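Notes follow once the structure below has been shown.
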Amino acid sequence: MALTETKIMEMLNSYVGTSAGKKSIKQIKDDIISGKIKRPSGSKIPTFDEMERAAAKLCHVVGSAAREHERPDGSDVHKGIPHSVVSIIENIDYGKPKKISDTEYSIDLYFTNVLQRPSLMPSKYEGINNIVALFNNGEISPKSKYVYGEWHGEFHRGITSRDGTHFIEQAVKDFNGNYGALYNATAEYDTEIYG
């Protein structure tokens, strides 16, 4: 009996349908992702290093999107993002790839700085839990009166509304449109926090 290409493919297809075949394929894929074995030419399976490079690129894109909305000193406080908050956003980092299914991995991005801010009037109002979300989403305060208080040694009047910049949505769209195919990755964000 001659061993033809057709016969080899029939035998291979039979094997991959068995539990041993499925286990072998899964092990090979895991070894490719972890970098233990070299990826076959043309493979779309990203390695951990490539996943981390994609996460680093997304961090850069988020920082760039925030800088596009940075407001100059002395400009309308209802619009844009102050430099102090842009600096917080630029200190975004990422964790290690986490397996979420046989075909998907996830990498969480996080801000390394404290995101909470105290109230100008702490005896009466709570502060801000997430300064990044505030400048991304905007806010219309239910309080009809202005809040006055001290901030960094100076007396200030708070504001009752702030336009959202939606820089996180912009960054996700920019990454997916410009880099998603290159890195074989899709960026997503928590719409409950940044939506």
Side-chain angles (χ1 to χ4, degrees), residues 33-35 46-101 104-122 125-141 147 149-154 156 158-159 161-195:
I33 290 169
S34 68
T47 64
F48 285 144
D49 286 345
E50 290 168 328
M51 290 180 210
E52 289 178 356
R53 281 197 295 276
K57 178 54 104 175
L58 180 56
C59 289
H60 174 77
V61 171
V62 169
S64 294
R67 278 191 304 280
E68 287 178 22
H69 294 280
E70 186 172 352
R71 71 168 183 245
D73 288 339
S75 64
D76 185 355
V77 297
H78 296 87
K79 298 181 186 316
I81 306 172
H83 176 74
S84 61
V85 177
V86 170
S87 295
I88 291 169
I89 296 164
E90 289 177 325
N91 280 319
I92 191 170
D93 205 351
Y94 58 90
K96 293 289 183 192
K98 293 184 292 191
K99 190 172 188 171
I100 55 176
S101 76
E104 292 182 301
Y105 282 78
S106 173
I107 298 180
D108 292 332
L109 275 59
Y110 57 91
F111 297 101
T112 59
N113 296 67
V114 175
L115 302 181
Q116 296 173 323
R117 293 294 178 270
S119 170
L120 289 175
M121 193 178 284
Y125 301 108
E126 290 183 21
I128 296 167
N129 287 329
N130 186 330
I131 193 78
V132 174
L134 174 69
F135 283 95
N136 182 72
N137 305 342
E139 177 184 57
I140 297 174
S141 176
V147 175
E150 191 174 312
W151 181 253
H152 293 290
E154 295 181 17
H156 289 272
I159 61 174
S161 68
R162 175 180 313 285
D163 294 340
T165 60
H166 306 286
F167 71 92
I168 291 180
E169 295 94 319
Q170 175 190 336
V172 166
K173 286 178 188 173
D174 289 350
F175 177 86
N176 289 337
N178 296 319
Y179 305 104
L182 176 68
Y183 290 105
N184 193 25
T186 302
E188 297 175 348
Y189 63 96
D190 188 335
T191 57
E192 288 188 27
I193 297 174
Y194 300 107

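Treat the numbers as computed from the prediction; the structure is a model and nothing was measured.
Here the closest non-hydrogen pair linking A55 and I107 is CB-CG2, 3.8 Å. N184 and P46 make their closest contact through ND2-CD, 3.8 Å (heavy atoms, listed as atom of the first residue, atom of the second, distance). Among all heavy-atom pairs drawn from E50 and Y183, the shortest one is O-CD2, 4.2 Å. For the pair S119 and E126, the tightest heavy-atom approach, listed with the atom from each and the gap, is CB-O, 3.5 Å.
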With a cut-off of 3.5 Å and sequence neighbours excluded, list every side-chain donor-acceptor pair involving residues 186-195.
| residue | atom | partner | partner atom | Å |
| --- | --- | --- | --- | --- |
| D190 | OD1 | E192 | N | 2.9 |
| D190 | OD1 | I193 | N | 3.4 |
| Y194 | OH | N130 | ND2 | 3.1 |

Item to check | From CA spacing to verdict: side chain to side chain contact (heavy atoms under 4.5 Å, CB included), D93, L109 | outcome: CA-CA 6 Å; D93 205 351; L109 275 59; over 6 Å; no

Next on the checklist: As a quick check of understanding, evaluate side chain to side chain contact (heavy atoms under 4.5 Å, CB included) for L134 and R162, giving each step before the final call.
Outcome noted: CA-CA 8 Å; L134 174 69; R162 175 180 313 285; 3.8 Å; yes

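Two residues are said to be in side-chain contact when any heavy atoms from C-beta on lie closer than 4.5 Å; R71 and H83 fail this criterion. Side chains of I81 and F167 form a contact here, defined as non-hydrogen atoms less than 4.5 Å apart. Contact of the N91 side chain with the I88 side chain is not registered, since no non-hydrogen atoms from C-beta on lie closer than 4.5 Å.
Below 30°, between 30° and 60°, or above 60°: for F48 and Y105 the angle between ring planes is above 60°, a perpendicular geometry.
Between atom CD1 of residue I89 and atom SG of residue C59 there is a gap of 12.5 Å, rounded to the nearest 0.5 Å. Rounding to the nearest 0.5 Å gives a distance of 13.5 Å between CG of D108 and NZ of K96. Taken to the nearest 0.5 Å, the OG1 atom of T165 stands 5.0 Å off from the NE2 atom of H69. Atoms NZ and CG, from K57 and N178 in turn, are 9.0 Å apart once rounded to the nearest 0.5 Å. Separating the CE atom in M51 from the NZ atom in K98 is a distance of 13.0 Å, to the nearest 0.5 Å. The OG1 atom of T47 lies 8.5 Å from the CD atom of E52; values are rounded to the nearest 0.5 Å.
Shown here is K99, whose NZ atom has more than 12 heavy atoms of other residues, nucleotides or ligands within 6.0 Å.
Remark: the backbone N or O of V132 is not paired with any side-chain donor or acceptor of N136 at under 3.5 angstrom.
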